[in-house]
Amino acid sequence: MNTATKLSGFALGLATVFAGAYGIGHVAGPAAPAAEIRHDTTDTDHDSGTADHGETGHGDGDTGDGDTGGAHLPGGLLVSERGYTLQPVTAPAGEFAFRITGPDGAPVTRYDVAHDRRMHLIVARRDLSGFRHVHPELAADGTWRVASPLAGPGVWRAFADFTPTGGEPLTLGVDVTVPGPLAARPLPAPATTATVDGYTVTLTGTPEPGRTSRLTLTVSRAGRPVTDLQPYLGAYGHLVALRQGDLAYLHVHPEGTPDDGRTPAGPAVTFAAEVPSAGAYRLYLDFRHGDAVHTAEFTVLAGAQPAPAPTTAPTPDAGHGTPGHGHS
Ligand SMILES: [Cu+2]
């Protein structure tokens, strides 16, 4: 694929977007805050080795050594990190429950609010279908409970994205199996347009491994730009990216906030995202409009692809109903 051409086209598109965005409000005071707000664990600078150095005092910012090696694990790959462990607990049918145990082995009961909530629970099947982002309730004993977001059989990855009080942001992940017939769901082919709930969302930009890339998502409905997006968890959009193969987790928040006096309420929401490697990713954009939260999904390919995408949707003439055709 001609990556250079794609990227330069992307850059042109962004220039237009930013010119428009900055034209709307006057930027007063100091330079706009660094736009990138991530609470994935790539920021936290803890290696995958011994997890006993919980107070190293790193701030939220990346220390910026810019390495592309394996020193920084993306979030969500570990069930236990820095002494904190994600433990699903038995729950009644229709409910999902878990605890986070801390370095002392006891369930954590104190959390900082991040993006309006103390706990963000994201789930997706291992095949990247079934994405949900929900907010459990904390019981006094440290158990988090929520109506189960696991919509049907499959092997699910559940990500707990949180900040323990006195600690640093952390995303832990655990597999949860829901028994039942397993349906093969190939990763949808890469696309720059998604439709959800009557909205059309267009993606501009391509993530580049190991560096920050701008991704702009533009929302329209019935052919008209949506310019009255509603704030959702303190932003006009939340973007989660999951890497195909291991479900490495990135959670990105957009440039600008609803109350900063310069960020328009759509139709475009721009994110600064960094993916940790080449590969296929599924992007999930949560946005709020009409008093409901909608999720638009995209498959994107980052970096040089070693081969055609490992799984793609069958082409329309690929033989509907041909058993065994799904091997890819
Ligand atoms: Cu959340």
Side-chain angles (χ1 to χ4, degrees), residues 35-44 60 74-77 81 84 86 88 95-100 108-125 128-139 142-151 156-165 167-174 176 196-197 201 215 217 219 229-242 247-259 263 269 271-273 281-298:
E36 184 178 9
I37 304 169
R38 301 184 300 184
H39 55 125
D40 62 73
T41 58
T42 57
D43 288 357
T44 56
D60 194 41
L77 294 175
E81 186 174 3
Y84 295 92
L86 169 56
E95 191 176 291
F96 183 75
F98 62 96
R99 286 192 290 244
I100 306 293
V108 176
T109 56
R110 296 177 61 233
Y111 296 82
D112 291 348
V113 171
H115 310 291
D116 282 359
R117 302 298 171 112
R118 292 181 294 171
M119 176 63 68
H120 302 264
L121 177 71
I122 283 86
V123 302
R125 283 192 189 85
L128 300 175
S129 68
F131 176 90
R132 291 279 310 280
H133 175 170
V134 297
H135 301 104
E137 297 286 332
L138 179 62
T143 303
W144 291 96
R145 299 179 189 282
V146 67
S148 178
L150 308 178
W156 293 81
R157 191 73 174 168
F159 302 94
D161 185 334
F162 63 95
T163 304
T165 296
E168 295 183 32
L170 189 57
T171 302
L172 301 175
V174 68
V176 182
V196 58
D197 306 334
V201 182
L215 305 177
L217 294 126
V219 183
L229 289 174
Q230 297 168 311
Y232 174 55
L233 304 174
Y236 285 128
H238 291 258
L239 187 66
V240 167
L242 299 178
L247 277 69
Y249 168 94
L250 303 172
H251 187 167
V252 190
H253 297 96
E255 301 182 340
T257 58
D259 58 2
T263 300
V269 185
F271 297 84
Y281 292 80
R282 190 75 167 157
L283 304 185
Y284 308 87
L285 172 71
D286 283 341
F287 64 95
R288 188 161 178 263
H289 188 255
D291 296 324
V293 176
H294 314 281
T295 304
E297 303 187 14
F298 304 82

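Whatever order the structure lists them in is the order used to number ligands and atoms, beginning at 1.
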Q) Is the backbone of L77 close enough, under 3.5 Å, to the side chain of R157 for a donor and an acceptor to pair up by distance? A) yes
Q: List the atom of P254, the atom of V269, and the distance in Å for their closest heavy-atom pair.
A: CB-CG1, 3.5 Å
Q.
Does atom CD (E95) have a neighbourhood of more than 12 heavy atoms from anything else shown, all under 6.0 Å?
A. yes
Q) Can you tell me if H135 has an N, O or S atom under 2.8 Å away from the Cu ion (ligand 1)? A) yes
Q.
Using 2.8 Å as the threshold, say whether any N, O or S atom from H133 sits that close to the Cu ion (ligand 1).
A. yes
Q.
If you consider just the N/O/S atoms, which atom of H120 is the closest one to the Cu ion (ligand 1)?
A. ND1
Q) Ring centroid separation for Y111 and W144, is it under 6.0 angstrom? A) yes
